[in-house]
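Written below as structure tokens is the structure these notes are about.
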Number of protein chains: 2
Amino acid sequence: MQHVTEAVERPARISRRRADKVEERRRELADAALLTLSELGYARTSLREIAQNSEFSHGVLHYYFRDKVDLITYCVRRYKAVCVQRYDDVVATATTAPALADEFAAAMAATLVADGLMHRLWYDLRSQSLFEASFRDDVAAIDASLERMIERIVARYAQLSGRPPVCGTGAAYAMFDGLFQQALWRHLAGDPQAPDTLRADVVQMLAVVTGTA
Amino acid sequence: MQHVTEAVERPARISRRRADKVEERRRELADAALLTLSELGYARTSLREIAQNSEFSHGVLHYYFRDKVDLITYCVRRYKAVCVQRYDDVVATATTAPALADEFAAAMAATLVADGLMHRLWYDLRSQSLFEASFRDDVAAIDASLERMIERIVARYAQLSGRPPVCGTGAAYAMFDGLFQQALWRHLAGDPQAPDTLRADVVQMLAVVTGTA
DNA sequence: CACGAATCTTGACAGTCGTCCAAGGATCTT
DNA sequence: AAGATCCTTGGACGACTGTCAAGATTCGTG
């Protein structure tokens, strides 16, 4: 067996146990790849370096992935699964508009500090997708799911504050994404008050977006 | 002579004409590099490819630049010189708030179409600066000058519309940058209405930022 | 014109890269 | 236990990289 990606319809005699084991190993290798990518960035990440961050040798990567692009797109999809779902309980628990704003802003600031390196990778890969069309579909999917997340936040905030949003969800996502990106840059450049600035900006922007500023 | 970058205090007998010629050649090579970078992106641009986009051989690059990083940081600075100054006549000519908004939005949409590849490079290099500290200072300088440009636009718009901005310039820049980035992604992915969407979003965002939406 | 300095080309260097493959160990089926 | 299949290793391959230096070429100046 080789290039497991498109081998969905493999001979029936291969047990599900084996298939699960393969998928588990792919995840394991993808995690090592994500670790390496978030440390070095796309331009400086090699397959040998990825293998050194795992417990296997570099040859095994071509057993579980067709090529480097296949591995990295798998990583991008896996990244999405880990990343998006964190904000949805914020919108579920908050009962007033200011509380929602505070919790959302706090969640963003916490993400900035805790997962800054991962998001650095995200912006790197999104830039790469401007050049390498192979990544484009996965990047678009992640972007769409992030936009839906923002949409839920804004809609709930508008509902709680009794005012409809004054701009579309695309524009709202672009704004919050821009804020986060700028904060990430400052944070990684060593600015100690980047999280707090982000927090204040996010609270204010939620107000602006609903015309309550 | 070698590594012209730090040779500001070279022997006085070398004429200014020669020094100018050197600077001219550096610009020439940097333009070839910028062309290559905007086509291939940072990760896939090699010195030999740059030289092929110029009329020289690859060896000459190390005659005019210390190393690859020196060349690319020079490119980034040159990029800034070309890029920023386009918007300042917009703020000078517009006499009403709606006119300013329209002209600014039209200028951004035009930039999107005309210099999309150059801005793709900008976002690529800004991402690289999250990993490679060498680029950080130049990227920060460009970001600051772009932010000042946005500040002038917003301030003038606020003045013309008689309402003060409802958010800081940092946040305003982050928002417009996010909008442009998202529009660029869609534009390069083939969305034909990306420029018009950007235009509408920018007009609306100017209103939002002054609380007139 | 001729000499020296500035400029440019060419080829080589030591690495690294993605990819592939032969070989053998590990694991499962019968 | 034996045979078949899966898994992993480690090395080899050719292509490509940044860098450098020696030689060829061009240029300005006496």
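Remember, predicted model here, so these are calculated numbers, not experimental data. In the text below, chain A, chain B and the rest are named by the order of the sequence lines, each starting its count at 1.
- Distance alone, capped at 3.5 Å, is enough to place a donor-acceptor pair between the A:Gln204 side chain and the B:Val166 backbone.
- Protein atom CD of A:Glu55 is 14 Å distant from nucleotide atom C1' of D:dT9, rounded to whole Å.
- Because its NZ or CZ atom is both nearer than 6.0 Å to the ring centre of B:Tyr42 and within 45° of the ring axis, B:Lys68 counts as a cation-pi partner of that residue.
- Rounding to whole angstrom units, OH of residue B:Tyr63 and P of C:dA6 are separated by 7 Å.
- For A:Phe176 and A:Phe104, the gap between ring centers is short of 6.0 Å.
- The distance from atom CG of B:Leu71 to atom C1' of D:dG18 is 12 Å, rounded to the nearest whole Å.
- The distance between atom OH of B:Tyr64 and atom P of C:dA6, rounded to the nearest whole Å, is 12 Å.
- Atom CG in A:Leu61 sits roughly 15 Å away from atom P in D:dC7 (whole-Å rounding).
- What separates CG of B:Asp20 from C1' of C:dT7 is a distance of 17 Å, to the nearest Å.
- If you run ring-ring contact (aromatic ring centres under 6.0 Å, His included) between B:Tyr74 and each of B:Phe65, B:Phe135, B:Tyr64, only B:Phe65 comes through.
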N/O-N/O pairs, protein side and nucleotides 16-19 of chain C side, under 3.5 Å:
unit_1: C:dC17; atom_1: OP1; unit_2: A:Ser46; atom_2: OG; d: 3.2
unit_1: C:dG18; atom_1: OP1; unit_2: A:Lys68; atom_2: NZ; d: 2.7
unit_1: C:dG18; atom_1: OP2; unit_2: A:Leu47; atom_2: N; d: 2.9
unit_1: C:dG18; atom_1: N7; unit_2: A:Arg48; atom_2: NH1; d: 2.8
unit_1: C:dG18; atom_1: O6; unit_2: A:Arg48; atom_2: NH2; d: 2.9
unit_1: C:dT19; atom_1: OP2; unit_2: A:His62; atom_2: NE2; d: 3.1
unit_1: C:dT19; atom_1: OP2; unit_2: A:Lys68; atom_2: N; d: 3.0
unit_1: C:dT19; atom_1: O5'; unit_2: A:His62; atom_2: NE2; d: 3.4
unit_1: C:dT19; atom_1: O4; unit_2: A:Arg48; atom_2: NH2; d: 3.4

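- Summarising the geometry, the separation between CD on B:Gln52 and P on C:dT9 is reported as 13 Å, rounded to the nearest angstrom.
- Between A:Asp177 and A:Tyr123 there is a side-chain heavy-atom pair separated by less than 4.5 Å.
- By the salt bridge (charged side-chain N to carboxylate O under 4.0 Å, His left out) test, A:Asp124 is found to be paired with no residue, residues two or more places apart in sequence or in another chain being considered.
- Rounded to whole Å, atom P of D:dC16 lies 13 Å from atom CG of B:Leu40.
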